[in-house]
A.B. asks: 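Take this structure first; my questions come after.
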Amino acid sequence: MIKIGVVDTTFSRVDMAKYAIEVIEENLPEAEIIRYTVPGIKDIPVAARRLLIDEGCDAVITLGWVGPGQVDKYSYLAMSVGLIMLQIMTGKHVIDVTVHEDEAGDLDDLYNIAVDRARKHALNLVMLVKYGREALTQYAGKGLRQGRPDEGPIKE
Ligand SMILES: Cc1nc2c(=O)[nH]c(=O)nc-2n(C[C@H](O)[C@H](O)[C@H](O)CO)c1C
């Protein structure tokens, strides 16, 4: 049985996990999905650890939201280091989907970034879990973007 962990926060202003779960259910219907919601990004690493180690998840996708202030950005950095350490320790993927509140011009744009990023990274996770390390090789160097339209390769 494949198990996928989904971690999200109440700090986030978009329910990104809902969109990620839709993609996982559609593309990996045999998987059990375990969702874990925490207050904020600094609480994400321990939730991801519990899902990977205690619950035996094969991979985790995290959906975080970073406020516009410097202290928010430091919080993100702390979380990011925690998630990277967790991946190294467990040898399992944690796909870190993060929206930074100051990366868009208006709230509609921000919403669309959040939904697109959650969906595309959920599909990346499914590919890695389902087909392994060469699953994304066909897209290598293609300038793919999550949250924005793809940039494309510089040269074909
Ligand atoms: C400053 C700050 N910024 C954010 C943020 O940008 N995004 C977020 O999800 N959470 C933030 N938090 C809350 C912490 O991540 C955490 O939830 C609390 O410190 C409780 O452990 C804090 C404290």
Side-chain angles (χ1 to χ4, degrees), residues 2-29 31-130 135-136 139 143-151:
I2 297 172
K3 282 190 190 179
I4 304 291
V6 177
V7 182
D8 65 342
T9 72
T10 57
F11 190 100
S12 175
R13 298 181 69 190
V14 176
D15 184 2
M16 291 185 282
K18 183 178 79 175
Y19 298 101
I21 288 169
E22 278 175 9
V23 170
I24 297 165
E25 283 177 341
E26 196 181 319
N27 293 280
L28 202 58
E32 179 187 349
I33 298 171
I34 307 178
R35 185 170 178 174
Y36 191 153
T37 306
V38 295
I41 42 177
K42 284 194 289 180
D43 312 307
I44 286 178
V46 71
R49 183 191 184 280
R50 284 185 179 182
L51 291 176
L52 287 176
I53 295 175
D54 302 348
E55 302 286 345
C57 284
D58 298 284
V60 165
I61 185 166
T62 66
L63 303 125
W65 189 278
V66 181
Q70 195 179 46
V71 68
D72 302 313
K73 296 178 196 302
Y74 286 138
S75 295
Y76 171 68
L77 184 62
M79 181 210 73
S80 186
V81 171
L83 289 184
I84 290 166
M85 290 297 297
L86 181 61
Q87 291 181 83
I88 293 166
M89 282 166 47
T90 59
K92 293 182 181 179
H93 284 293
V94 176
I95 301 291
D96 163 12
V97 182
T98 303
V99 172
H100 298 260
E101 198 155 331
D102 57 5
E103 69 177 293
D106 59 60
L107 291 180
D108 280 343
D109 195 16
L110 201 54
Y111 179 84
N112 292 333
I113 288 172
V115 173
D116 186 71
R117 191 166 291 160
R119 284 188 176 139
K120 286 179 178 170
H121 272 314
L123 198 54
N124 282 335
L125 182 76
V126 167
M127 294 285 284
L128 286 169
V129 168
K130 216 170 166 179
L136 298 176
Y139 308 112
L144 303 192
R145 295 291 181 269
Q146 296 78 32
R148 297 281 186 198
D150 295 339
E151 292 286 346

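All ligand and atom numbering here is 1-based and tracks the order in the structure.
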A.B. asks: How about Lys120 and Asp150: do any of their side-chain heavy atoms sit closer than 4.5 Å?
C.D. replies: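 Counting from C-beta outward, Lys120 and Asp150 do come under 4.5 Å.
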A.B. asks: Working to the nearest 0.5 Å, report the span between CG of Leu123 and CD1 of Ile61.
C.D. replies: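 Answer rounded to 0.5 Å: 10.0 Å.
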A.B. asks: Could you walk me through whether Ser12 and Leu63 pass side-chain contact (heavy atoms from CB on, under 4.5 Å), step by step?
C.D. replies: CA-CA 8 Å; Ser12 175; Leu63 303 125; over 6 Å; no
A.B. asks: Taking side chain as C-beta onward, heavy atoms only, is Leu128 less than 4.5 Å from Ile95?
C.D. replies: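 A side-chain contact under 4.5 Å exists here.
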A.B. asks: Can you list, by chain and residue number, every protein residue with a non-hydrogen atom closer than 4.0 Å to ligand 1?
C.D. replies: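 Its neighbours under 4.0 Å (heavy atoms only) are Phe11, Pro39, Gly40, Ile41, Lys42, Asp43, Trp65, Val66, Gly67, Val71, Asp72, Ser75, given by chain and number.
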A.B. asks: With the threshold set at 4.0 Å, does a side-chain nitrogen-carboxylate oxygen contact exist between Arg148 and Asp109?
C.D. replies: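 Salt bridge: yes.
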A.B. asks: Please name all residues satisfying side-chain contact (heavy atoms from CB on, under 4.5 Å) with Ala135, sequence neighbours left out, ordered by chain then number.
C.D. replies: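 Checked Ala135 against side-chain contact (heavy atoms from CB on, under 4.5 Å); matches are Met127, Tyr131.
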